[in-house]
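Sharing a structure, written as structure tokens. Questions coming.
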Amino acid sequence: MAYWLFKSEPETFGIDHLIAMSDQTEHWDGVRNYQARNMLRDNIKKGDKVFFYHSNCKCPGIVGSARVVKNGYPDFTQFDPESNYYDPKSNADNPRWFMVDIKFTKKFKQVISLEQLKTMPALADMALVRKGNRLSVMPVKEDEWQAIIDLV
DNA sequence: GCCAACGTTGGC
DNA sequence: GCCAACGTTGGC
């Protein structure tokens, strides 16, 4: 079992959107970065745990957790010309982009803010707290997960 | 294969 | 809204 952190803009798809989905489950579509794609396709497995992070908002931080309920499979939005995530260079025989399904686990009583995360020595190695990081899907080490969970 | 230009991310 | 950081694109 592994741990991950997924970023999303709360106005686009926040944790409350996940809670509102049927079975509190949703596919994590729209990732268009190769490093993140590789993780979605190869490494993120059913049963893994995920921190749900809100980015690009007034209070960026971890707002809750979820778990992976379906292994990586082709992101169908890449084939939909109507979608913002449409990729004309991808084809069905060799899909370029992948996604997993996640199910809501928990919404934290308060946001664990990026500001707070940055102060934690246990998290110093996380890409999240480093300058210029743009990965929207990233691995979390077990001890990092624990250090964060201990705050809840 | 290099690298400048460009677009996007995301904190502030 | 600004802008630094970074990934991608495309000309050469």
Side-chain angles (χ1 to χ4, degrees), chain A residues 2-21 26-44 48-68 71-102 104-141 143-152:
Chain A
Y3 303 92
W4 309 92
L5 182 143
F6 289 8
K7 284 185 194 172
S8 186
E9 300 189 11
E11 290 187 12
T12 308
F13 189 84
I15 194 155
D16 291 331
H17 293 95
L18 181 62
I19 292 170
M21 300 310 295
E26 180 63 313
H27 49 268
W28 200 258
D29 63 299
V31 174
R32 295 293 181 266
N33 167 284
Y34 286 104
Q35 222 180 320
R37 185 282 308 269
N38 292 345
M39 290 186 264
L40 289 167
R41 186 187 58 192
D42 305 329
N43 305 117
I44 302 178
D48 287 358
K49 293 184 178 180
V50 175
F51 279 134
F52 200 112
Y53 179 91
H54 282 176
S55 67
N56 222 348
C57 54
K58 281 217 176 74
C59 185
I62 297 170
V63 295
S65 60
R67 72 172 186 280
V68 179
N71 290 349
Y73 62 105
D75 177 344
F76 56 80
T77 63
Q78 69 196 304
F79 305 124
D80 177 6
E82 302 295 308
S83 170
N84 287 337
Y85 300 122
Y86 179 57
D87 183 349
K89 292 182 192 164
S90 185
N91 63 77
D93 293 337
N94 186 21
R96 182 180 286 191
W97 307 113
F98 283 72
M99 60 186 178
V100 298
D101 288 356
I102 64 169
F104 172 75
T105 301
K106 192 172 178 183
K107 182 176 177 179
F108 300 154
K109 288 201 179 66
Q110 54 191 37
V111 178
I112 302 172
S113 68
L114 178 61
E115 188 182 14
Q116 183 177 1
L117 295 168
K118 279 180 170 171
T119 66
M120 297 169 61
L123 306 183
D125 287 340
M126 277 189 80
L128 182 69
V129 300
R130 289 211 290 263
K131 205 175 174 183
N133 157 66
R134 292 170 52 181
L135 262 189
S136 64
V137 169
M138 70 180 76
V140 176
K141 297 194 191 84
D143 59 333
E144 293 166 342
W145 178 278
Q146 198 55 51
I148 293 165
I149 279 292
D150 284 347
L151 299 173
V152 177

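Numbered from 1 within each chain, the chains take letters A, B, ... in sequence-line order. The structure presented is a predicted model; accordingly, all values stated were derived computationally and were not measured.
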Just by distance, do the side chain of A/His27 and the backbone of A/Phe76 share a donor-acceptor pair under 3.5 Å?
-> no
Does A/Asp16 come within less than 4.0 Å of A/Lys107, counting only side-chain N to carboxylate O?
-> yes
Assess the side chains of A/Asp80 and A/Tyr85: does a donor N or O sit below 3.5 Å from an acceptor N or O?
-> no
Note: contacts of residues 49-64 of chain A with DNA chain B (heavy atom, under 4.0 Å) are A/Tyr53, A/Ser55, A/Asn56, A/Pro60
Short side-chain to backbone donor-acceptor contact, A/Lys7 and A/Leu135, under 3.5 Å = yes
Below 4.0 angstrom, N of the basic side chain to O of the carboxylate: do A/Asp75 and A/Arg96 qualify?
-> no
Determine the minimum heavy-atom distance between A/Leu128 and A/Leu5, stating which atoms define it.
-> CD2-CD1, 3.8 Å
Assert: residue with more 5' nearest nucleotide on DNA chain C, out of A/Lys131 and A/Arg32, is A/Lys131
Heavy-atom donor-acceptor pair, A/Glu144 side chain to A/Lys141 backbone, under 3.5 Å | yes
Here the residues of residues 108-124 of chain A within 4.0 Å heavy-atom distance, strictly under, of DNA chain B are A/Leu114, A/Lys118
Test applied, side chain to side chain donor-acceptor pair (under 3.5 Å); reference residue, A/Trp97; option that passes from A/Asp87, A/Asp29, A/Thr77 | A/Asp87
Evaluate the ring planes of A/Trp28 and A/Phe13, with Trp represented by its six-membered ring, and classify them as parallel (under 30°), tilted (30 to 60°) or perpendicular (over 60°).
-> perpendicular
Under 4.0 Å from any heavy atom of chain A: name the first and the last nucleotide of DNA chain B that qualifies, 5' to 3'.
-> B/dG7 to B/dC12
Do we see a donor-acceptor contact under 3.5 Å between the side chains of A/Ser90 and A/Gln78?
-> yes
Along DNA chain C (nearest heavy atom to each residue), the more 5'-positioned of A/Arg96 and A/Gly132 = A/Gly132
